[in-house]
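Written out below as structure tokens is the structure these notes cover.
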Amino acid sequence: MPIIVNLDIMLTKRNMKSKELAEIIGITTANMSILKSGKAKAVRFSTLEAICKALDCQPADILEYVED
Amino acid sequence: MKDNTTILTFITWGLLLSAVSVLLNDMREFDFNQFKEFQNWAKTANKNDPWFTSKNAIQWSYYAINAGLFFWRGYLIYGFSYFLSILKEIENGNYFSDKNISYFKKIGNIFVWYTISVLVLRFLLAAIGESTFNFFNELKAEFTFLIPVGLAFFILAEIFKRGKETEEENDLTI
């Protein structure tokens with residue numbers, strides 16, 4: 001998939017664990033794992049909004065387009 | 001939802017049991033001893049006589065076709081039994097499962113093949129009995145409605161296939 005999820009990088013920058021983020025944004029750790037591994041087919045705007053709010057970042061900091 | 005599934009399961013069991021009992025009763029009334037009579041005749045028959053025109057052979061064919069009709073009725077009941085499997089899957093919460101898709105296809109196949117086979121057997125019966133076989137009259141018989149029903153099950157299988165894909169997509173939407 002040409003969309004890369006850079007959630008790990010942002011979590012390291014903010015010194016936050018993925019479990020903590022999952023709790024803040026209200027998703028399960030299993031779904032967080034799907035999101036981080038790039039297996040997710042889609043991301044809801046509400047989830048993206050919650051992630052950006054929790055990590056104090058922009059959507060572009062989390063999502064990146066890389067040509068195959 | 002579970003209550004509805006339980007009611008439907010009971011109704012399906014009721015229908016299945018009554019269909020099986022009707023079939024068994026018809027089989028009991030059917031004189032299977034005719035086959036033995038044919039075997040006895042086959043042992044003593046003159047080998048030079050043409051086989052297909054002899055009275056016994058025609059009679060035997062008639063009974064063999066009737067037995068075939070019993071087989072297909074049993075096969076149709078077997079097809080109905082897949083409703084129970086579908087209801088079990090629904091009860092377990094697996095609505096758009098691979099199993100349900102294959103059950104719908106199997107039911108569709110059974111319904112369509114039942115109708116085609118019974119039509120062919122009825123044609124053979126008419127041929128043996130030297131009566132007229134009117135294809136369009138046969139199509140008016142109730143059992144031929146199973147062809148559109150079978151096709152409807154194929155369509156349902158396709159819808160469930162698409163439903164499964166959508167469900168998977170939904171599960172992977174965070």
Dump the intermediate steps for side-chain contact (heavy atoms from CB on, under 4.5 Å) on A:Ile27 and B:Ile174, then the final yes or no.
CA-CA 8 Å; A:Ile27 63 167; B:Ile174 313 297; 3.8 Å; yes
Look at the rings of B:Phe71 and B:Tyr75 and say which category their plane angle falls in: under 30° parallel, 30 to 60° tilted, over 60° perpendicular.
parallel
Output the donor-acceptor atom pairs between chain B and chain A under 3.5 Å, with atom names and distances to 0.1 Å.
unit_1   : atom_1 : unit_2  : atom_2 : d
B:Leu172 : O      : A:Lys41 : N      : 2.8
B:Ile174 : N      : A:Ala42 : O      : 3.0
B:Ile174 : O      : A:Arg44 : N      : 2.8
B:Ile174 : O      : A:Thr47 : OG1    : 3.1

What's the verdict on side-chain contact (heavy atoms from CB on, under 4.5 Å) for B:Ile155 and B:Phe104, showing C-alpha distance, side-chain angles and the deciding distance?
CA-CA 9 Å; B:Ile155 294 167; B:Phe104 280 130; over 6 Å; no
What's the separation between atom CZ in B:Phe160 and atom CZ in B:Phe96, rounded to the nearest 0.5 Å?
5.5 Å
Compute whether any side-chain donor of one residue and acceptor of the other, for B:Glu91 and B:Thr5, lie under 3.5 angstrom apart.
no
Could you state whether B:Ile7 and B:Leu15 fall into the same hydrophobic cluster, counting links through intermediate Ile, Leu, Val, Met, Phe, Trp or Tyr residues with side-chain heavy atoms under 4.5 angstrom apart?
yes
